[in-house]
Engineer: 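Structure below; questions to follow.
Since this is a predicted model, take the numbers as computed values, not measurements. Every chain is numbered from 1, with letters handed out A, B, ... down the list of sequences.
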Amino acid sequence: MALTSLNWNGNMAPPSCWASPEQHFEAAMAQPWYRLITHVNATLVNATFDFYRQQEIIPVLMPITVGSISSPMGIGSDSLPVEIELFGEPTFLADSMQFQLEFFLRHGIEGAFYIMPTFRGEDSDVTHLNQFFHSEAEIVGGFDDVIVLVENYLRSLTIALCATPLVDNISQVAGGITHLECLQSMSEFPRITFAESMKFLGDEYFIRSPEGIPLITRLGEKKLIDHFGVVWLTHFPRLIAPFYQAKSTNGLTVECADLLIGIGETVGCGERHTTGEDVRLGLEEHQVPVADYEWYVQMKNKYPLRTAGFGLGLERFLLWVLQHNDIRDLHVMPRLKNTRTWL
RNA sequence: UCCCCCAUAGCUCAGUCGGUAGAGCAGAUGGCUGUUAACCAUCGUGUCGGCGGUUCGAGUCCGUCUGGGGGAGCCA
């Protein structure tokens with residue numbers, strides 16, 4: 001990218017007018033904030049492709065619609081899928097393309113990735129968007145392999161950002177780049193298991209689900225971030241994690257982790273069930289109908305494979321990069337539920 | 001989805017005990033000063049977010065819906 005100078009005069013602050021389409025059109029066109037977003041995004045996408053090319057993890061093309069809910073409803077999740085009507089058929093917009101990535105790994109490749117918009121029906125707020133850009137990858141391997149992959153990926157993203165002329169503008173907005181430099185210098189990120197975090201934080205940072213399972217609160221996550229800066233929260237109790245994560249050998253937790261950084265959970269990763277039978281058990285335990293995931297079970301029955309993967313919310317990562325606190329400021333072309341658009 | 005708060009002029013907000021609405025800023029017009037502007041004067045009908053109810057009478061009370069903010073949850 002031939003960026004030699006980003007000499008944007010004036011206020012770098014976000015206009016924060018996404019609720020007003022008329023104002024936002026002007027702001028998105030002219031404000032330095034949105035020009036910075038565009039260039040930072042370009043750097044992140046280029047860096048992502050560069051990173052995976054070195055790892056021989058390949059980009060794959062996938063549809064953004066799915067025929068049945070891919071969002072794991074049931075115990076441990078209330079997430080809302082987005083349903084539309086397409087050619088007269090009820091259809092869901094993908095909330096993640098993890099299962100499709102898992103499919104592609106059966107093509108004899110070591111890893112697959114994509115960056116695409118995915119969709120969520122929850123109300124938007126300072127940390128949630130109804131469409132966000134998802135950077136997901138799935139590899140042949142296990143829990144520790146995907147942790148290393150994510151750490152290397154984030155390191156290479158921050159190195160790429162620091163190597164562009166954008167770094168001065170980022171520094172201006174974020175109030176410095178020590179957070180970027182600090183992450184680059186970490187050989188590995190701190191980890192804390194869910195069980196350890198309960199001892200570390202104390203009961204007041206947890207609530208109980210209707211089934212009596214402890215859930216960490218947002219305040220608890222914030223406390224961990226304040227203490228560690230960047231931290232993996234690992235090995236969640238089986239029933240509060242999605243059904244597709246592989247069980248730990250203790251049978252009580254699953255081989256998954258959330259990366260807490262910036263405003264909270266920014267990466268979710270985990271090792272998947274290897275066999276169809278394990279998937280079937282997971283569905284049963286989470287009280288999710290097996291019929292919705294029949295192909296997924298069949299795939300693992302016929303082509304068992306140990307894989308692991310992760311999903312990164314690009315805008316959430318960008319919040320951390322810019323040290324900002326409202327994710328709705330990060331879309332040049334906003335797509336928020338119940339909010340009109342100018343485009 | 002749950003809890004709390006909010007919605008009044010272009011903007012920020014006031015409005016007490018229920019008696020048919022006010023201020024500041026912005027704006028418009030005029031005046032004045034040796035003219036990129038300041039100052040002075042004058043100018044306010046706004047479905048009081050929508051619908052329904054109570055009442056002789058509702059911005060005010062009740063119900064409900066919509067939208068916004070905060071918190072919880074869910075998630076990336």
Side-chain angles (χ1 to χ4, degrees), chain A residues 15-23 44 48 69-82 93-98 101 113-138 146 150 153-154 157 204-211 213-223 225 230 232-233 236-237 239-245 256-270 286 288 309-321 324-331 334-340:
Chain A
S16 294
C17 55
W18 33 262
S20 163
E22 294 78 10
Q23 280 181 48
L44 293 176
T48 298
I69 307 170
S70 63
S71 171
M73 305 287 282
I75 294 177
S77 178
D78 289 329
S79 78
L80 288 171
V82 179
L93 296 172
D95 68 303
S96 158
M97 299 178 190
Q98 175 202 319
L101 287 176
F113 80 97
Y114 76 88
I115 296 179
M116 297 254 279
T118 59
F119 304 82
R120 300 287 164 93
E122 295 96 307
D123 291 345
S124 61
D125 61 25
V126 291
T127 62
H128 295 83
L129 293 165
N130 296 292
Q131 288 188 34
F132 67 96
F133 288 93
H134 220 152
S135 176
E136 284 197 291
E138 194 76 18
V146 75
V150 172
Y153 176 48
L154 296 194
L157 290 183
E204 65 266 38
Y205 294 99
F206 292 82
I207 58 160
R208 297 272 162 177
S209 76
E211 296 79 21
I213 304 155
L215 302 164
I216 190 165
T217 63
R218 187 181 291 198
L219 207 61
E221 287 188 351
K222 189 180 178 305
K223 194 95 175 167
I225 293 167
V230 179
W232 285 110
L233 182 59
F236 287 79
L239 282 181
I240 62 169
F243 74 84
Y244 48 75
Q245 307 286 34
C256 73
D258 287 350
L259 186 72
L260 308 181
I261 183 172
I263 49 90
E265 185 184 346
T266 298
V267 176
C269 76
H286 287 77
V288 179
F310 77 90
L312 169 118
L314 218 57
E315 295 88 346
R316 287 191 175 179
F317 181 70
L318 200 47
L319 278 183
W320 172 76
V321 168
H324 189 55
N325 54 18
D326 194 331
I327 203 166
R328 292 166 296 191
D329 288 322
L330 300 186
H331 273 178
R335 286 294 183 275
L336 298 169
K337 198 168 85 174
N338 302 323
T339 303
R340 283 181 300 130

Engineer: Round to the nearest Å and state the distance from A:F132 atom CZ to B:rA76 atom P.
Structural biologist: 7 Å

Engineer: For nucleotides 70-72 of chain B, give me every protein contact, N/O to N/O, under 3.5 Å, one pair per line with atom names.
Structural biologist:
none

Engineer: How many angstroms lie between OG1 in A:T118 and CG in A:L129, if you round to the nearest 0.5 Å?
Structural biologist: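 One gets 10.0 Å once the value is rounded to the nearest 0.5 Å.
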
Engineer: Supply the atom-to-atom distance A:H286 NE2 to A:Y244 OH, rounded to the nearest 0.5 angstrom.
Structural biologist: 9.5 Å

Engineer: Suppose you measure atom C1' in B:rC6 against the same atom in B:rU45; what distance do you get, rounded to whole Å?
Structural biologist: 25 Å

Engineer: To the nearest 0.5 Å, what is the distance between CD1 on A:I225 and CD1 on A:I263?
Structural biologist: 7.5 Å

Engineer: Taking atom OG1 of A:T48 and atom CD1 of A:I115, what is their separation to the nearest 0.5 Å?
Structural biologist: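 Reported value, rounded in 0.5 Å steps: 3.5 Å.
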
Engineer: Using the P atom in both, what is the distance from B:rC39 to B:rA26, to the nearest Å?
Structural biologist: 9 Å

Engineer: Round to a whole Å and report the spacing from CD of A:E122 to P of B:rC74.
Structural biologist: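 A:E122 atom CD is separated from B:rC74 atom P by 11 Å.
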
Engineer: Rounding to a whole Å, what distance do you find between A:M97:CE and B:rA76:C1'?
Structural biologist: 14 Å

Engineer: Provide, to the nearest angstrom, the distance between the CZ atom belonging to A:F236 and the C1' atom belonging to B:rC75.
Structural biologist: 11 Å

Engineer: In whole angstrom, give me the gap between the P atoms of B:rC51 and B:rG70.
Structural biologist: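 It works out to 28 Å between them.
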
Engineer: Under the rule for side chain to side chain donor-acceptor pair (under 3.5 Å), what residues qualify as partners of A:Y114, not counting sequence neighbours?
Structural biologist: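 Side chain to side chain donor-acceptor pair (under 3.5 Å) list for A:Y114, sorted by chain: A:E136.
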
Engineer: Taking only residues two or more places apart in sequence, or in another chain, which ones meet A:S124 in a side chain to side chain donor-acceptor pair (under 3.5 Å)?
Structural biologist: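 Counting only residues at least two positions away or on another chain, A:S124 forms no side chain to side chain donor-acceptor pair (under 3.5 Å).
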
Engineer: Distance check, C1' atoms only: B:rG24 and B:rA14, in whole angstrom units.
Structural biologist: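 Approximately 10 Å lies between the C1' atom of B:rG24 and that of B:rA14.
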
Engineer: Please produce a list of atom pairs where a protein N or O lies less than 3.5 Å from an N or O of nucleotides 4-6 of chain B.
Structural biologist:
none

Engineer: For B:rG18 and B:rC61, measure between their P atoms and round to the nearest Å.
Structural biologist: 8 Å

Engineer: In whole angstrom, give me the gap between the P atoms of B:rG69 and B:rG31.
Structural biologist: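 Nearest-Å result for B:rG69 against B:rG31 at atom P: 47 Å.
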
Engineer: Looking only at heavy atoms, which two atoms of A:Q245 and A:C256 are closest? And how far apart?
Structural biologist: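 Where A:Q245 meets A:C256 most closely, the heavy atoms are NE2-CB, 3.6 Å.
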
Engineer: Could you pull out the closest heavy-atom pair between A:F310 and A:C269, with the gap in Å?
Structural biologist: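 Heavy atoms only, the tightest pair is CB-CB, 3.4 Å.
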
Engineer: Which atom names give the shortest non-hydrogen contact between A:Q98 and A:E138, and what distance separates them?
Structural biologist: CG-OE1, 3.8 Å

Engineer: Can you tell me how far P of B:rA76 sits from CZ of A:F119, to the nearest Å?
Structural biologist: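 Atom-to-atom, A:F119 to B:rA76, this comes out as 16 Å.
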
Engineer: To the nearest Å, give me how far apart NE2 (A:H331) and P (B:rA76) are.
Structural biologist: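 After rounding, the gap between these two atoms is 16 Å.
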
Engineer: Atom CD1 of A:I216 and atom CD of A:E221: how far apart are they, to the nearest 0.5 Å?
Structural biologist: 5.5 Å

Engineer: Could you work out the separation of B:rG15 and B:rU55 based on their P atoms and round it to a whole Å?
Structural biologist: 28 Å

Engineer: Select base, sugar-phosphate, or nothing to describe what A:I216 touches, counting heavy atoms under 4.0 Å on all strands.
Structural biologist: sugar-phosphate

Engineer: If I pick the P atom on B:rG34 and the same atom on B:rA7, what distance separates them, to the nearest angstrom?
Structural biologist: 49 Å

Engineer: Where each pair must be Watson-Crick or G-U wobble with both distances under 3.5 Å, what dot-bracket representation of RNA chain B is obtained, with crossing pairs in [ ] and other-strand partners as |?
Structural biologist: (((((((..((((.....[..)))).(((((.(...).))))).....(((((..]....))))))))))))....

Engineer: When rounded to the nearest 0.5 angstrom, what distance separates CZ in A:F132 from CD1 in A:I327?
Structural biologist: 8.5 Å

Engineer: Could you check how far CG of A:D95 sits from C1' of B:rC75, rounded to whole Å?
Structural biologist: 10 Å

Engineer: Using atom CG of A:L233 as one end and atom P of B:rA76 as the other, report the distance to the nearest whole Å.
Structural biologist: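 That distance rounds to 13 Å.
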
Engineer: Taking side chain to side chain contact (heavy atoms under 4.5 Å, CB included) as the test, write out the residues that go with A:D125, two or more places apart.
Structural biologist: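 Once residues adjacent in sequence are excluded, the partners of A:D125 under the side chain to side chain contact (heavy atoms under 4.5 Å, CB included) criterion are A:T127, A:H128, A:R218.
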
